[in-house]
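The block underneath contains the structure these notes are about, expressed in structure tokens.
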Amino acid sequence: MAKKKPVVVITRKLPDVVETRMRELFETRLNESDRALTQAELVEAVRTADVLVPTVTDRIDAAVLSQAGPNLKLIANFGNGVDNIDVSTANTRGINVTNTPGVLTEDTADMTMALILSVPRRLSSGIKALESGEWNGWSPTWMLGHRIWGKRLGIIGMGRIGQAVARRAKAFGMSIHYHNRRRVPSHIEEELEATYWDSLDQMLARMDVVSIHCPHTPGTFHLLSARRLKLLKKDAYVVNTARGEVIDENALIRMLEAGELAGAGLDVFEHEPAVNPKLVKLDNVLLLPHMGSATIEGRIEMGEKVIINIKTFMDGHRPPDRVLPSML
Ligand SMILES: O=CC(=O)O
């Protein structure tokens, strides 16, 4: 008798090729509407699924997990960050969690580099000025930004994405500095000519641009606190393509409004999808709607990773991208 296919509940619309392959392999339940599920709908999903495929927009907390049916054995996140999932509770309940690392590294690093280049060079203000008809022609003193070449980039979180950003920034003539829980292997430091700062505070005080690449965990919540933001130079820029919660957004806004920071490039926000209207009003910011990994190629590869994780797990093996609470 053929083995029963696992019931896989997918919370959001995924690329067509991914959904087609999922349908071939699993008893797949899709969300045709592409709106985020309500908490009640999520509870219904975990009650009935063998495997849940959530995304960053689904909060799989202890309350949701407490409603999980006996068949739920795997949460295969369509995404790299797993701060949307209570991994410890899942673990205690015998539910495995996987993510999709690696495949969105280069795309997210590209988007980060785009922000690192765009904010100091005032791309957003320039575009607005041109579109509103404000531009009267070239002027020696109009719309001046800051040079990138020769500036110091401070990377917070030197994992895959942090390193990919460092590689790009080095090619643009920036010097690379980083703070990380652990020092990266010396051959990587040498390749990137990167300086390690054990003290985040000391690094912040010296940087021209600071870019965040650590995950959001209880330990990194508001890592860039009001106190730490004040350590930055007045002409420094902050870039965030990681998670909004890593920065105290209200403190950042106050500093940008007061001219105590030169500008910010943000792809993520503390209360997504809400964006603080005060941020939108600022002209020294470039804001993007969480697009860091938004490439067709990347999203298909993320889907392939999800499929491999489910398939491997269902075949009785350890899924390649298993996330353990100790890794966070
Ligand atoms: O932000 C997106 C992800 O973590 O995959």
Side-chain angles (χ1 to χ4, degrees), residues 10-15 18 22 31 34-37 42 52-61 74-87 90 97-116 155-165 211-221 223-224 238-247 249 264-275 286-310 319-325 327-328:
I10 303 166
T11 65
R12 298 298 294 265
K13 170 114 198 60
L14 300 184
V18 177
M22 291 250 199
N31 175 1
D34 193 34
R35 67 166 169 78
L37 298 188
L42 265 183
L52 180 73
V53 179
T55 72
V56 61
T57 55
D58 304 304
R59 213 178 68 242
I60 320 286
D61 54 18
L74 176 65
I75 298 174
N77 197 42
F78 185 89
N80 193 26
V82 288
D83 54 329
N84 55 317
I85 303 169
D86 184 338
V87 179
V97 176
T98 58
N99 67 344
T100 60
V103 290
L104 35 76
T105 303
E106 305 303 332
D107 296 326
T108 309
D110 283 344
M111 197 59 112
T112 309
M113 201 60 221
L115 288 173
I116 293 173
I155 294 178
I156 303 178
M158 197 59 145
R160 289 188 198 84
I161 299 174
Q163 289 173 31
V165 170
S211 189
I212 298 177
H213 299 290
C214 59
H216 165 222
T217 65
T220 64
F221 177 77
L223 186 68
L224 280 196
V238 172
V239 167
N240 190 5
T241 54
R243 284 293 182 264
E245 292 90 338
V246 180
I247 305 182
E249 198 173 274
L266 308 174
D267 183 47
V268 287
F269 305 90
E270 212 177 322
H271 305 287
E272 288 180 25
V275 178
L286 200 164
L287 309 175
L288 292 173
H290 203 146
M291 288 165 62
S293 68
T295 67
I296 296 164
E297 296 85 345
R299 293 288 155 89
I300 291 174
E301 285 168 20
M302 284 163 78
E304 284 164 357
K305 283 224 147 208
V306 169
I307 292 170
I308 291 169
N309 280 312
I310 301 175
D321 305 311
R322 187 160 174 218
V323 181
L324 295 170
M327 292 156 80
L328 301 173

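All ligand and atom numbering here is 1-based and tracks the order in the structure.
A donor-acceptor contact under 3.5 angstrom links the side chains of Asp107 and Thr295, judged on distance only. Residues Asp58 and Thr11 bring a donor and an acceptor atom of their side chains to less than 3.5 Å of each other. Side-chain contact check for Thr108 and Ser293: no donor-acceptor pair (N or O, by modelled atom type) lies under 3.5 Å. Between the side chains of Asn99 and Asn77, no donor-acceptor pair is found at a separation under 3.5 Å.
For ligand 1, the atoms lying closer than 4.0 Å to a non-hydrogen atom of Leu104 are 5 (O). Below 4.0 Å from some heavy atom of Arg243 lie the following atoms of ligand 1, by number and element: 1 (O), 2 (C), 3 (C), 4 (O). The contact set between ligand 1 and Gly79, taken as ligand atoms under 4.0 Å from a residue heavy atom, comprises 5 (O).
The protein heavy-atom contact nearest to atom 5 (O) of ligand 1 is Asn80 N, 2.7 Å.
Considering both main-chain and side-chain atoms, His290 comes within under 3.5 Å of ligand 1 through a nitrogen or oxygen pair.
Of the listed residues (Leu74, Val306, Ile75, Val53), just one forms a side chain to side chain contact (heavy atoms under 4.5 Å, CB included) with Thr98, and that residue is Leu74.
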